[in-house]
Amino acid sequence: MQDIDFTIRNVAQFEGQQITLKGWVFNLRSSGKILFLIVRDGTGFMQCVVSKAEVGEEAFSKGKQLTQESSVILKGVIRKDARSPIGYEMDVNEFEIINISEEFPIALKDHGVGFLMSKRHLWLRSPKQHALLRIRAEVEQGIRDFLNQEGFVLIDSPILTGSAAEGTTNLFELDYFEEKAYLSQTGQLYQEAAAMAFGKVYCFGPTFRAEKSKTRRHLTEFWMVEPEMAFIEYEDNIIIQENLVFYLIQRCLKECSQELKALDRDISKLEQIKLPFPRVTYKAMLEFLNTKGREKTWGDDITGLDETIISEHYEQPVFITHLPVESTPFYMLPDPSNPRVVLAADLMAPEGYGEIVGGSQRVHDLNQLIDRIREQQLPEEIYQWYIDLRRYGTVPHSGFGMGLERVVGWIAGIDHIREASPFPRTIEKIYP
RNA sequence: UCCUCGAUAGCUCAAUGGUAGAGCGGCUGGCUGUUAACCAGUAGGUUGGGGGUUCGAGUCCCUCUCGGGGAGCCA
């Protein structure tokens, strides 16, 4: 029964034992009498040695027919070997070929990203992509574990919505039984409703933006976690955010060291992250940007280039706080002590990665909310249910949204977030 | 939507306006310690589509299509 449990990831437990390995030939080299197979089983990569002396003439010549990505079942003994990157190899004494793979399109050499994305269904098998998506899985699980420990309840927001949440960004429109509906760009407003029922809640799922963005930071479909907390105000909201981000870094350093190594990530950059994260007001950040040659005045957006400048300057994630009221969504609460700004903060990851979290305290006063909706000339009718939340036992509350692919991209140290998604959707990529 | 760069063998790329090539991958053979192995041989092309200039276009011009990078906007 023991060999059923064998995986390359826990190979060390099987030294000296006869095991069965089921997997795929990642690469192979052969000579007249010895065949080296690098086999992957989904958990890792390991070299397996087939020698003619061990398996016999007939089996050996059969083995020489193997190609890259052929599927095999190998039986053999695990042996410690200093030459192996994982410290162990397998001496094969018996093998079965499930399928001789046709010529695999992705050779073991450099390819262009356009080609690799067109073969995304096959590219997932490559070591770096494999490592990246394992890190994504760890981050996702980490987010759930952290929030559950903190007493949050998962309340899924709908993906099909009848109205735009923020009114500004482009939505994917679709026909909903002869009415217009949209793919959700945020679950936040629904989370506010849920927070009034459960206290601390979150949603975690795909969101959609039909903006024609073509940058390393954008996807048209991306995953976002959106916690929302009743009775939590601006300050505590920020503390939860930095604790979550810090937790995710620590967790990946601990659980994904192999993956980070496979990606050549400089983990010292992650190891030096410490709490609390610095906070800089929007106003002070404009002054900083102007010392870097930007010409920013009050009300200007912090653009992608600005984000790069900021996040290359700071070694820690940094909050940009007290954003100008005129350029922020209607639901953000103006600062009672300075109505020109809102009690909101965006979190910038270091090393040039830019914004990963955006959060704010929400407007909870009925009349103030109606005023802000009117100021921004939004269609009041469709927000009636949201306005209702301020009629029936309204309380101060706060929340934030964190982009999964951006966090994964930063932790993994990749240069474009599309690789942090198994099947990324970008402006011109819907297949495969 | 705009700016910019690009499209040549399966892939990554080369080729001054003058006979389309290399490396990798494939195939055949050789090799008992290779880590994207190495050595020898071999097959593989409507140079993205259309139009134009020219004695002659992969190369110059126009246009369309597709793709990379970036802007705006945002997580």
Side-chain angles (χ1 to χ4, degrees), chain A residues 26-38 45-54 60 64-65 67-69 79 81-86 89 91 101-119 122-123 126-128 165-166 168-171 185-188 204 206-226 241 300-308 327-329 346-349 353-359 400-410 415-418 420-421 426-429 431:
Chain A
F26 171 69
N27 195 12
L28 71 168
R29 283 173 286 281
S30 72
S31 73
K33 293 170 182 167
I34 192 166
L35 179 59
F36 297 102
L37 305 175
I38 296 177
F45 297 76
M46 181 173 68
Q47 177 157 286
C48 303
V49 185
V50 181
S51 78
K52 192 191 265 186
E54 181 69 29
F60 187 79
K64 291 197 80 168
Q65 297 169 8
T67 55
Q68 187 189 350
E69 290 303 320
R79 172 175 44 74
D81 195 311
R83 292 167 293 196
S84 161
I86 61 168
E89 287 188 353
D91 289 322
S101 172
E102 293 179 25
E103 182 182 344
F104 198 60
I106 302 176
L108 299 176
K109 53 165 287 189
D110 291 329
H111 295 276
V113 71
F115 171 75
L116 289 168
M117 273 303 171
S118 76
K119 306 286 182 200
L122 304 176
W123 192 23
S126 302
K128 285 195 177 183
E166 298 176 19
T168 51
T169 47
N170 298 320
L171 301 174
Q185 59 180 334
T186 167
Q188 180 202 316
F204 192 9
T207 47
F208 305 88
R209 306 277 163 95
E211 289 148 4
K212 297 198 170 182
S213 299
K214 284 187 64 176
T215 80
R216 66 183 182 279
R217 298 187 175 114
H218 288 88
L219 299 171
T220 54
E221 174 180 328
F222 64 98
W223 276 55
M224 185 155 68
V225 59
E226 295 181 280
Q241 291 169 43
D300 285 352
D301 286 323
I302 306 270
T303 67
L305 179 57
D306 298 322
E307 285 188 25
T308 302
S327 61
T328 50
D346 290 340
L347 182 61
M348 302 286 146
Y353 283 95
E355 185 175 357
I356 53 172
V357 181
F400 61 95
M402 183 171 78
L404 175 66
E405 288 82 2
R406 286 187 180 178
V407 172
V408 172
W410 166 45
D415 60 13
H416 196 304
I417 67 166
R418 67 186 153 210
S421 173
T426 57
I427 172 171
E428 277 155 1
K429 185 65 71 184
Y431 180 91

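Because the structure is predicted, anything quoted here is derived from the model rather than measured.
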Quick one: which of [options] gets closest to the side chain of [X]?
X        : options             : answer
A:Pro85  : B:U35, B:G33, B:A75 : B:U35
A:Lys109 : B:C24, B:U35, B:A71 : B:C24
A:Ala107 : B:G68, B:U32, B:G25 : B:G25
A:Ser31  : B:U32, B:G69, B:U34 : B:U32
A:Ile34  : B:G33, B:A75, B:G26 : B:G33
A:Gln47  : B:G70, B:G23, B:U35 : B:U35
A:Arg209 : B:C74, B:U35, B:G33 : B:C74

Please measure how far the [atom1] atom in [N] lies from the corresponding atom in [M], and state the result in whole Å.
N     : M     : atom1 : answer
B:G18 : B:G70 : P     : 36 Å
B:G48 : B:U59 : C1'   : 16 Å
B:C60 : B:U34 : P     : 47 Å
B:C74 : B:A37 : P     : 48 Å
B:U35 : B:A7  : P     : 34 Å
B:C31 : B:C13 : C1'   : 31 Å
B:G29 : B:G45 : P     : 23 Å
B:A43 : B:G50 : C1'   : 32 Å

Distance, rounded to the nearest Å, where [X] contributes [atom1] and [N] contributes [atom2]:
X        : N     : atom1 : atom2 : result
A:Glu226 : B:A75 : CD    : C1'   : 9 Å
A:Met117 : B:C11 : CE    : P     : 17 Å
A:Gln68  : B:C27 : CD    : C1'   : 15 Å
A:Asp110 : B:G25 : CG    : P     : 13 Å
A:His218 : B:A75 : NE2   : P     : 9 Å
A:Arg217 : B:A71 : CZ    : P     : 7 Å
A:Glu405 : B:A75 : CD    : P     : 14 Å
A:Arg29  : B:C39 : CZ    : P     : 14 Å

At 4.0 Å (heavy atoms only), tell me whether [X] reaches a base, stays on the sugar-phosphate, or touches nothing.
X        : result
A:Leu219 : base
A:Gly32  : base
A:Phe115 : sugar-phosphate
A:Arg216 : sugar-phosphate
A:Val357 : sugar-phosphate
A:Asp346 : nothing
A:Gly112 : sugar-phosphate
A:Glu221 : nothing
A:Met402 : nothing

Which heavy atom in [X] sits nearest to a heavy atom in [Y], and how many Å separate them?
X        : Y        : answer
A:His218 : A:Thr215 : ND1-OG1, 2.6 Å
A:Val49  : A:Ile34  : CG1-CD1, 3.6 Å
A:Ala420 : A:Val408 : CB-CG1, 3.8 Å

Are the side chains of A:Asp91 and A:Glu54 in contact, using a 4.5 Å heavy-atom criterion?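 A:Glu54 does not reach A:Asp91 side chain to side chain.
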
Between A:Thr207 and A:Phe222, is there a side-chain heavy-atom distance shorter than 4.5 Å?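 Yes. Closest side-chain heavy atoms under 4.5 Å.
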
pi-stack flag for A:Phe36 and B:G33, centroid dist under 5.5 Å, interplanar under 30°: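 Ring-base stacking flag not set for A:Phe36 and B:G33.
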
Heavy-atom donor-acceptor pair, [X] side-chain to [N] base, under 3.5 Å:
X        : N     : value
A:Arg406 : B:C74 : yes
A:Glu307 : B:C74 : yes
A:His111 : B:C11 : no

Under 3.5 Å: donor-acceptor pair, side chain of A:Thr67, backbone of A:Ser101: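 Side chain of A:Thr67 to backbone of A:Ser101, a donor-acceptor pair under 3.5 Å: yes, one is there.
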
Hey, is the main chain of A:Gly187 close enough, under 3.5 Å, to the side chain of A:Glu226 for a donor-acceptor pair?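 Here the side-chain-to-backbone pair exists.
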
Let me know, please, whether A:Lys52 or A:Ser327 comes out on the 5' side of the other along RNA chain B by nearest nucleotide.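 Whichever sits nearer the 5' end wins; that is A:Lys52.
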
Start at the 5' end of RNA chain B and walk down; is the nucleotide closest to A:His416 or to A:Glu89 reached first?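 Looking at the nearest nucleotide for each, A:Glu89 comes out on the 5' side.
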
Mind checking the CD-CZ spacing from A:Gln47 to A:Phe26? Nearest 0.5 Å is all I need.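 The CD atom of A:Gln47 sits 12.0 Å away from the CZ atom of A:Phe26.
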
Below 4.0 angstrom from OP1 or OP2 of [N], is there any side-chain N or O of [X]?
X        : N     : answer
A:Thr303 : B:G72 : yes
A:Asn27  : B:U34 : no
A:Arg418 : B:G69 : yes

A:Arg217 versus A:Thr308, side-chain donor and acceptor atoms under 3.5 Å: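 Distance-only check passes for A:Thr308 and A:Arg217.
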
Under 3.5 Å for both donor-acceptor distances, Watson-Crick or wobble: does B:G67 have a partner, and if so which one?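 For B:G67, the partner nucleotide comes out as B:C5, under the 3.5 Å rule.
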
Both distances below 3.5 Å, Watson-Crick or wobble geometry, any strand: find the nucleotide opposite B:U28.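 The base-pairing partner of B:U28, which may sit in any strand shown, is B:A40.
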
